[in-house]
There are 2 protein chains.
Amino acid sequence: MARHRDGQDNGTSVSGNEESNRRAELVRVAGRLFRENGYEATPVRDIAAAAGMRSGSPFYHFKSKQDLLKAVMAEGLNKALQELTEAVAGKPSAIEAFRAIVRTHLAIILEPGADFVPVLLYEWRSLACDGRAEIVAIKDRYEAVWQDVLRDLKREGLIRDDSPIGRLFVFGALNWVARWYCPHGSLSIDAIADRAVEFFIGPPNRR
Amino acid sequence: MARHRDGQDNGTSVSGNEESNRRAELVRVAGRLFRENGYEATPVRDIAAAAGMRSGSPFYHFKSKQDLLKAVMAEGLNKALQELTEAVAGKPSAIEAFRAIVRTHLAIILEPGADFVPVLLYEWRSLACDGRAEIVAIKDRYEAVWQDVLRDLKREGLIRDDSPIGRLFVFGALNWVARWYCPHGSLSIDAIADRAVEFFIGPPNRR
DNA sequence: CCTACCGATCGGTAGG
DNA sequence: CCTACCGATCGGTAGG
């Protein structure tokens with residue numbers, strides 16, 4: 001018999017509310033553990049324990065560990081896309097839009113508790129091929145937002161290269177911050193964002 | 001009894017030549033498998049099989065899987081440091097030195113068979129704390145070479161930011177290439193290096 | 001969602 | 001370096 005709920009449940013139904021809360025909690029703690037220890041090094045038992053369950057119970061909500069990984073990535077990326085879209089909406093200039101997406105992107109990958117996108121970035125290899133297309137589709141939309149902003153920056157002469165490769169260089173520089181950022185260090189996320197903006201388009205007096 | 005050889009053996013002795021060949025082969029195939037599948041997802045049995053051994057034999061050369069991982073990282077980084085140092089030696093200008101380290105660094109992380117440094121970059125978390133100090137010491141020297149070149153670039157007004165954070169942005173952009181580079185694609189490693197140099201310091205006619 | 005469990009796999013070892 | 005093996009762990013399931 002089918003003992004696990006469909007992975008598409010997003011918790012909007014009234015009758016499934018408590019159940020979807022448990023599911024959401026599993027996604028949350030799985031994201032944290034996958035980020036801290038990696039997918040392969042995280043036993044489902046540990047995820048269950050962190051969510052206050054017994055070892056077999058996550059399989060009531062997800063049919064496999066792979067499905068749980070996919071849920072972490074998909075839900076995190078969807079939320080990130082939404083935040084990014086809101087961040088650029090209505091910005092008066094390309095530079096303002098750029099500052100906004102840099103800040104938002106860094107917040108998405110650095111803020112405490114924001115483990116979903118880092119899992120996507122650093123555990124991609126652990127996602128089986130079957131599940132990748134769905135994630136890639138969202139990622140393409142995320143990258144399209146970046147491409148539009150970079151295109152506008154180039155039009156105003158603030159960057160030299162708005163090609164996909166230029167975007168990947170910017171992406172790399174920003175995503176790499178997750179490797180060296182220290183939450184308790186002297187550099188705040190906003191400070192790093194300012195440094196990054198300055199690094200890519202020059203100091204304010206040049207603009 | 002001690003059945004495995006010391007991890008410091010570098011194969012220079014005559015009597016241990018064949019044995020060190022087997023050891024080197026283990027490091028090589030372990031690097032490839034760790035890169036392709038990740039440390040946690042790679043059984044020692046698979047490494048043994050890829051080296052033409054039976055499942056328990058790697059433990060004759062390494063006392064643990066962790067030690068094998070450390071050997072992959074240490075040997076790869078030492079070789080990379082040597083290549084980087086040779087690449088910048090005697091370069092007539094800062095820009096030539098920059099071009100050289102960008103090319104060399106990209107070759108180190110992208111060339112087929114060059115799996116060691118990518119393992120260091122993407123499996124760092126899997127290295128137990130005990131083994132990290134040794135690797136960090138080499139990494140510091142590697143980064144010092146970069147810092148010197150960036151300092152010279154700044155002196156000539158070719159980059160704006162030669163601080164450690166600026167170096168990390170450059171590092172991130174380059175290291176991220178390992179995520180999207182396609183060995184059989186239309187962009188060669190040298191072509192990517194040229195694009196990167198141009199991205200960071202501008203087109204030739206600006207210099 | 002829990003209890004109890006299974007089959008498979010894994011790192012590592014004894015002895016040769 | 002091989003053979004043979006062990007103890008531990010893991011993803012997942014049956015039945016409730």
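As a basis for the values below, the full set of heavy atoms in this structure was taken, side chains included, without hydrogen atoms, waters or symmetry mates. Letters A, B, ... mirror the listed sequences (proteins, then strands); counts begin at 1.
Here B:K79 does not pair with B:E75 in a salt bridge; the nearest charged N to carboxylate O distance is not below 4.0 Å. A:R195 has no carboxylate O lying under 4.0 Å from a charged side-chain N of A:E198, or vice versa, which leaves the two without a salt bridge.
Atom CG in A:L68 sits about 10 Å away from atom P in D:dG12, given to the nearest Å. Straight-line distance from the CD atom of B:E40 to the P atom of D:dC10: 10 Å, rounded to whole Å. At whole-Å resolution of the value, OH in A:Y60 and P in D:dG16 are 17 Å apart. In this structure, the CD1 atom of A:I47 is 17 Å from the C1' atom of C:dC1, given to the nearest Å. The nearest whole Å value for the distance from the CZ atom in A:F59 to the C1' atom in D:dG11 is 5 Å. The nearest whole Å value for the distance from the CG atom in A:D46 to the P atom in D:dA8 is 17 Å.
The side chain of A:H61 sits closest to C:dC1 out of D:dC10, C:dC1, D:dG12. Of the candidates D:dG12, C:dG11, D:dC1, the closest approach to any side-chain atom of A:K65 belongs to D:dG12.
Using the six-membered ring where Trp is involved, B:H105 and B:Y142 have ring planes that are tilted, between 30° and 60° apart. Classification of the A:F98-A:W146 ring pair by plane angle, with boundaries at 30° and 60°, yields perpendicular.
The nearest heavy atom of DNA chain C to B:V44 and to A:M53 marks one nucleotide each, and the one closer to the 5' end goes with A:M53.
Between A:S163 and A:D161, the side chains place a donor N or O and an acceptor N or O closer than 3.5 Å (distance only, hydrogens not considered).
Summarising the geometry, atom CZ belonging to A:R151 is positioned 10.5 Å from atom CG belonging to A:L153; distances are rounded to the nearest 0.5 Å.
Heavy atoms only, all atoms of each residue included: A:Y181 and A:L187 are closest at CE1-O, 3.6 Å.
Partners of A:E143 under the side-chain hydrogen bond (donor to acceptor under 3.5 Å, both in side chains) rule, at least two apart in sequence or in another chain, are A:R167.
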Review point. Which dot-bracket notation, 5' to 3', represents the base pairing of DNA chain D when pairs are defined as Watson-Crick or G-U with both distances under 3.5 Å, crossing pairs as [ ], and inter-strand pairs as |?
Key: ||||||||||||||||

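Here the rule is salt bridge (charged side-chain N to carboxylate O under 4.0 Å, His left out) with A:R125, and of B:E123, B:E36, B:E40 only B:E123 fits it.
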Measure all distances between protein nitrogen or oxygen atoms and nitrogen or oxygen atoms of nucleotides 3-7 of chain D, and list the pairs falling under 3.5 Å.
residue : atom : partner : partner atom : Å
D:dT3   : OP2  : B:R54   : NH1          : 2.8

